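Keep in mind that this is a model prediction, so the values were computed, not measured. In what follows, every chain begins at residue 1, and chains take the letters A, B, ... in the order their sequences are listed.
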There are 2 protein chains.
Amino acid sequence: MSIATEQPLAIGKCHCGALRRAARRMSQFYDGKLAPVGLRSTQFSMLALLQQLEEVSVNELARHIGLDRTTAGKNLRPLERDGLIAIGPSATDGRSRVIALTPEGAARLLAAAPLWREAQRQFEASNGPGTVATLRETLAKLSIGA
Amino acid sequence: MSIATEQPLAIGKCHCGALRRAARRMSQFYDGKLAPVGLRSTQFSMLALLQQLEEVSVNELARHIGLDRTTAGKNLRPLERDGLIAIGPSATDGRSRVIALTPEGAARLLAAAPLWREAQRQFEASNGPGTVATLRETLAKLSIGA
DNA sequence: TTAAAGTAAGAGCATATTCTCTTATATCGA
DNA sequence: TCGATATAAGAGAATATGCTCTTACTTTAA
């Protein structure tokens, strides 16, 4: 009668696990490519975003990058410590703090750009345009915890 | 003449960033579902794997789950502290340590199973079988840093 | 204008992730 | 058997991630 046996937990079918696994491998690949300039993929993302947005608050940055607000704040710390970004008060809102790329940050980003492009190129070459396009489209349209 | 301007860094096109972002959202969704039983998605994965493999070394577990060896070792710590797994010496190899589910761990896993199934079900319902199948197939065949 | 509601962000806590260096044990060839 | 090589795993350091709680300011409604 034991219902307790249940169906075996097909953990290999876990969509979360599959996505996390892929993200880990991808991070290792990109981190390896960026290592010569001393940036992690997360840091590169933030610097690149700052280049585009010029000046943003922590909350805005977090939203753009799909990151928790507090995580974004913490991730900025090493970049500020290393002088790649500057964090100052907002002129219009006393609660907000404004993040901007420093010249050193812009230079670092410039140095990192070809390494990132090479990672992109290599990933695309390894998987073909079709697979890459499918990946991006599928990820983009995912509805998670609607 | 300034080549220095370069092409703008289309950070939105970063495959690594896209995958990480999706993985973060997915983790938050699954973690939320599992929260009532006090497990994170990573912990659930490891317990479920231990249920299937019965007894494994840290290295084996890491390989199975696609995780760095040292990460796996550290992730096991909270589970051992909470009595969900037992770590003992290997009978055949003095270097190796053997990980196994405790009765408490098995019970916790049993409690978590329906929550995980609900997360899977909801994700599948939100995205449709086609998209989910495409996602899994695409992730499975990805060649990263060949 | 003042009290209430809303928003920006830091602090503290805990887990997750990977790197390098180190130690202990196995194994294999000379 | 012993020395070289290989393997299992912990220690330490650093970043990444997200929670709750708290503080500081803003905005809004009475």
Which part of the nucleic acid, if any, lies within reach of Arg20(B) when heavy atoms closer than 4.0 Å are counted: base, sugar-phosphate only, or nothing?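 If one applies the 4.0 Å heavy-atom cut-off, Arg20(B) turns out to touch the sugar-phosphate alone, with no base involved.
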
Using a heavy-atom cut-off of under 4.0 Å over every strand shown, decide if Arg69(B) touches base, sugar-phosphate, or nothing. base

Whole-Å distance between [N] [atom2] and [X] [atom1]?
{"X": "Leu61(B)", "N": "dA8(D)", "atom1": "CG", "atom2": "P", "value": "14 Å"}
{"X": "Asp93(A)", "N": "dA8(C)", "atom1": "CG", "atom2": "P", "value": "7 Å"}
{"X": "Leu34(A)", "N": "dT18(C)", "atom1": "CG", "atom2": "P", "value": "16 Å"}
{"X": "Arg40(A)", "N": "dA13(D)", "atom1": "CZ", "atom2": "P", "value": "16 Å"}
{"X": "Asp31(A)", "N": "dT18(C)", "atom1": "CG", "atom2": "C1'", "value": "9 Å"}
{"X": "Asp68(A)", "N": "dA8(C)", "atom1": "CG", "atom2": "P", "value": "14 Å"}
{"X": "Arg24(A)", "N": "dT18(C)", "atom1": "CZ", "atom2": "C1'", "value": "11 Å"}

ILVMFWY network linking Leu109(A) to Leu115(A), side-chain heavy atoms under 4.5 angstrom: yes

Salt-bridge criterion met for Glu80(B) and Arg77(B) (N-O under 4.0 Å):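 No.
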
OP1 or OP2 of [N] under 4.0 Å from side-chain N/O of [X]:
{"X": "Ser57(B)", "N": "dA9(D)", "result": "yes"}
{"X": "Arg81(B)", "N": "dT15(C)", "result": "yes"}
{"X": "Arg77(B)", "N": "dA16(C)", "result": "no"}
{"X": "Thr71(A)", "N": "dA16(D)", "result": "no"}
{"X": "Asn59(A)", "N": "dA9(C)", "result": "yes"}

Do [X] side-chain and [N] base share a donor-acceptor contact under 3.5 Å?
{"X": "Thr70(A)", "N": "dC19(D)", "result": "yes"}
{"X": "Lys74(A)", "N": "dG18(D)", "result": "yes"}
{"X": "Arg95(B)", "N": "dT7(D)", "result": "yes"}

Would you give the length of the straight line joining atom CG of Leu34(A) to atom CD of Gln43(A), rounded to the nearest 0.5 angstrom?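 Separation between the atoms: 9.5 Å.
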
Residue pair Asp68(B) / Thr70(B), side-chain donor-acceptor N/O under 3.5 Å: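 Yes.
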
Checking contacts here: which listed nucleotide (dT17(D), dA9(D), dG10(C)) is nearest the side-chain heavy atoms of Thr42(A)?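 Comparing dT17(D), dA9(D), dG10(C) against the side chain of Thr42(A), the answer is dT17(D).
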
Measuring only between side-chain heavy atoms, which start at C-beta, is Thr134(B) closer than 4.5 Å to Thr131(B)? no

